[in-house]
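One structure is given here, and the rest of the page talks about it.
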Amino acid sequence: MAITGRAALLAASAALLVGLLVPSWNGVLAVQLVLLFAILYDLARAAPVRPLAFTRSDDTIVRLDESASVELSITNPSDRPLRALVRDAWPPSTHARTLDNASARQRLTVPAGERRRLTTVLTPSRRGDHHADRVTVRSYGPLGLAARQASHAVPSKLRVLPAFPSRRHLPGKLARLRELDGRMSALTRGEGTEFDSLREYVPGDDTRSIDWRASARQSLIAVRTWRPERDRRIQLVLDTGRTAAGRVGDVPRLDVYMDAALLLSAVALRAGDHVDLVAYDRRTRATVQGRSGPSALADIVSALAPVEAQLVESDPRGLVSAALTGSRRRSLVVLFTGLDAAPVEEGLLPLIPQLTSRHTVLVAAVADPAIEEMAGGRGTVEAVYGAAAAEQSRQERRLVAEQLQRHGAVVVDAEPDHLASRLTDTYLSLKAAGRL
């Protein structure tokens, strides 16, 4: 039972009235009797909360940078109207609110034997699965002096997918892919390693493309045309260890990895390639195998949604083993990890030759914009020292990248806003050069 502020106001009013009209009465006793009667009447007329029935809309899926509306229906089976304050509780990271931007608590009136619907707007700030907590209902009587209250478990789930801000680059990348694939007019035809067709020689064609055997059977010179490889395999390996938890700008490194992986996957799947994915630190956190076609992107997005960076040092041997296990045939292995000198030199670098001997290896890393900003500081002594430290950090990253390149890996090191675009451009360049 809950007693409201109205009860206190009624008690003060009753005390004043009794004191004025009947001075001989015990004022405290009179107030208590009046208040008790009012509360009992209010409780008797308040709708019961235990028998209430609840139904929810289906589980909801939303991107990290979007809002979702979830609906809750309340059925009042009693013979008294329900005058209630309802709180549909969700985790704090979902930032639950009502449609009019008020708090998560909503006032509701449900006539006897009828049903009403509540809408809660969720704007999550974290990826993954978020589960509804409880629905708490406070049922008031007609005087608003006292209320019945109870909580009900009404399960529901909100799955928050990665934000994918780099999807704005997708039309441009697909246009370049069509150009490479020869499906649209271009000044130069994309080259690859898969034979496409024969056509008549025109001045300016590469003489190495002349098919002399076909030319001998015809009265014209025939040249072979090529198209970029299709049906290749792309293996995405995300390092979900300690370094992936660090924030660059406003987001964790892992979220930047995911954004770049999604743009690359969207283009590769549209190009007819197969995309596999594994997220690993000391054990596998997510895996997607053997997906192809544009619809496979949804499987990758769903697999990445609940993955979180772990505050443990990644096992480089297990990371490389996961990449090798998932790629039996020659593939493009894209390794999303940091370029910090100590972890790479002591752990990953000695193992890279195992990958490069069997696969084309591309290492994608996120550069910290704060380091770039510090490197330009000069105004004060502190700024000069900061610039020196930033330049030392950049030099260490360059040395690590050069070491990886000497072992045959291709390195893409870019700031968060540019990593996805540069990584996809590198994939398209490798495809055009026939290196996949």
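Worth saying up front: this structure is predicted, and the values here are computed from it rather than measured. These numbers come from the heavy atoms of this one structure, side chains and all, not from hydrogens, waters or symmetry mates.
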Using side-chain contact (heavy atoms from CB on, under 4.5 Å), reason through D59 and I61 one step at a time and then give a plain yes or no. CA-CA 7 Å; D59 291 345; I61 299 176; over 6 Å; no
Do you know which of L332, V334, L362, L264 makes side chain to side chain contact (heavy atoms under 4.5 Å, CB included) with T426? L362
More than 12 foreign heavy atoms under 6.0 Å from CZ of R247: is that the case here? yes
Whether K431 and D425 form a salt bridge (side-chain N of Lys/Arg under 4.0 Å from carboxylate O of Asp/Glu) is what I want to check. no
Distance col, row L335:CG vs Y257:OH, nearest 0.5 angstrom, shows 9.0 Å
Any ring-ring contact (aromatic ring centres under 6.0 Å, His included) pairs touching residues 47-67, not counting sequence neighbours? F54-H152
Quick one: do the K173 and S421 side chains pair a donor with an acceptor below 3.5 Å? yes
Just verifying a value: how many Å separate E346 CD and D340 CG, rounded to the nearest 0.5 Å? 11.5 Å
Should T109 and L82 count as side-chain neighbours, where that means a heavy-atom distance under 4.5 Å? no
Do any pairs count as a salt bridge (Lys or Arg N to Asp or Glu O under 4.0 Å) and have a residue in residues 280-290, sequence neighbours left out, and if so which ones? D281-R285
How many angstroms lie between CZ in R358 and CZ in R329, if you round to the nearest 0.5 Å? 13.0 Å
In short, A163 meets D65 closest at the heavy-atom pair O-OD2, 3.8 Å
Do V288 and D276 make a side-chain contact, defined as non-hydrogen atoms from C-beta onward lying under 4.5 Å apart? no
Taking every heavy atom of L170 against every heavy atom of A266, the minimum-distance pair comes out as CD1-CB, 3.8 Å
Verdict with reasoning, S125 to S93, per side chain to side chain donor-acceptor pair (under 3.5 Å): CA-CA 6 Å; S125 57; S93 62; 5.1 Å; no
Reported CG-to-OG distance for the pair L85 and S139, which is rounded to 0.5 angstrom: 11.0 Å
Applying the side-chain hydrogen bond (donor to acceptor under 3.5 Å, both in side chains) test to D88, which of R134, Q106, R56 qualifies? R56
Please step through side chain to side chain donor-acceptor pair (under 3.5 Å) for the pair R176 and S429, ending with a clear verdict. CA-CA 10 Å; R176 185 180 173 193; S429 297; 3.2 Å; yes
Do S302 and R159 have side-chain atoms, one donor and one acceptor, less than 3.5 Å apart? yes
When you compare the side chains of S69 and T119, does any donor N or O come within less than 3.5 Å of an acceptor on the partner? no
Shortest non-hydrogen contact from Y140 toward R138: OH-CD, 3.1 Å
Give a yes or no on whether the backbone of D413 and the side-chain of R422 come within a donor-acceptor separation of less than 3.5 Å. yes
Assess the residue pair R233 and D273 against the criterion (salt bridge (charged side-chain N to carboxylate O under 4.0 Å, His left out)); give the C-alpha distance rounded to whole Å, side-chain angles, the decisive distance to 0.1 Å, and a yes or no. CA-CA 6 Å; R233 189 167 295 275; D273 293 333; over 6 Å; no
If you count every heavy atom of other residues, nucleotides or ligands that lies below 6.0 Å from R126 atom CZ, does the total exceed 12? no
Has E373 got more than 12 heavy atoms of other residues, nucleotides or ligands less than 6.0 Å from its CD? no
Is a donor on one side and an acceptor on the other found under 3.5 Å between the side chain of D42 and the backbone of A146? yes
Side-chain donor or acceptor of S321 paired with backbone N/O of R317 under 3.5 Å: no
In terms of heavy-atom contacts, A390 and A375 come closest through CB-N, 3.6 Å
Any non-hydrogen side-chain atom of H274 less than 4.5 Å from a side-chain atom of I234? no
With side chains defined as the heavy atoms from C-beta onward, is the minimum distance between V86 and L118 less than 4.5 Å? yes
For the CD1 atom of I300 and the CE atom of M258, what is their distance to the nearest 0.5 Å? 12.0 Å
Can any side-chain N or O of R97 pair as donor or acceptor with the backbone N or O of L122 at less than 3.5 Å? no
So, the side chain of T284 versus the backbone of Y280: is there a donor-acceptor pair under 3.5 Å, distance only? no
Please report the C-alpha distance between R397 and E402 in whole Å, then the side-chain angles of each, then the deciding distance to 0.1 Å, and finally whether the salt bridge (charged side-chain N to carboxylate O under 4.0 Å, His left out) criterion is met. CA-CA 9 Å; R397 291 178 68 89; E402 290 172 1; over 6 Å; no
Sub-3.5 Å donor-acceptor pair from the side chain of S314 to the main-chain atoms of P316, do we have one? no
Are D315 and L319 side-chain neighbours, meaning at least one heavy-atom pair lies under 4.5 Å? no
Do any N or O atoms from the side chain of D259 and from the backbone of S166 form a donor-acceptor pair under 3.5 angstrom? yes
Within a reach of under 6.0 Å around CZ of R117, are more than 12 heavy atoms found that belong to other residues, nucleotides or ligands? no
Answer yes or no: is there a donor N or O on one side and an acceptor on the other, between the side chain of N76 and the main chain of R80, under 3.5 Å? yes
Heavy atoms only: give me the nearest A268-Y427 pair and the separation to one decimal. CA-OH, 3.4 Å
Ignoring hydrogens and angles, state whether a donor on the side chain of S156 or H131 is under 3.5 Å from an acceptor on the partner side chain. no
Could you check R116 against I74 for side-chain contact (heavy atoms from CB on, under 4.5 Å), going step by step and ending with a plain yes or no? CA-CA 5 Å; R116 291 293 184 268; I74 301 178; 5.7 Å; no
Using every non-hydrogen atom in the two residues, find where A305 and P162 come nearest and quote the distance to one decimal. CA-CD, 4.0 Å
Is any side-chain heavy atom of L161 closer than 4.5 Å to one of V62? no
Tell me if a side-chain donor or acceptor on T325 pairs with a main-chain N or O of A322 at a distance below 3.5 Å. no
Determine whether L355 and L324 satisfy the following criterion, side-chain contact (heavy atoms from CB on, under 4.5 Å), listing intermediate values before the conclusion. CA-CA 7 Å; L355 283 175; L324 291 172; 3.6 Å; yes
Check whether any side-chain N or O of Q310 sits under 3.5 Å from a backbone N or O of E308 as a donor-acceptor pair, and report yes or no. yes
From S151 OG over to D133 CG, what is the distance, rounded to the nearest 0.5 angstrom? 8.5 Å
Please tell me if the side chains of V363 and T337 come closer than 4.5 Å, counting only heavy atoms from C-beta onward. yes
Please examine the side chains of Y385 and E382, heavy atoms only from C-beta on, and report whether any two atoms are closer than 4.5 Å. no
May I have the step-by-step check of side-chain contact (heavy atoms from CB on, under 4.5 Å) for L238 and V278, ending in yes or no? CA-CA 6 Å; L238 278 69; V278 60; over 6 Å; no
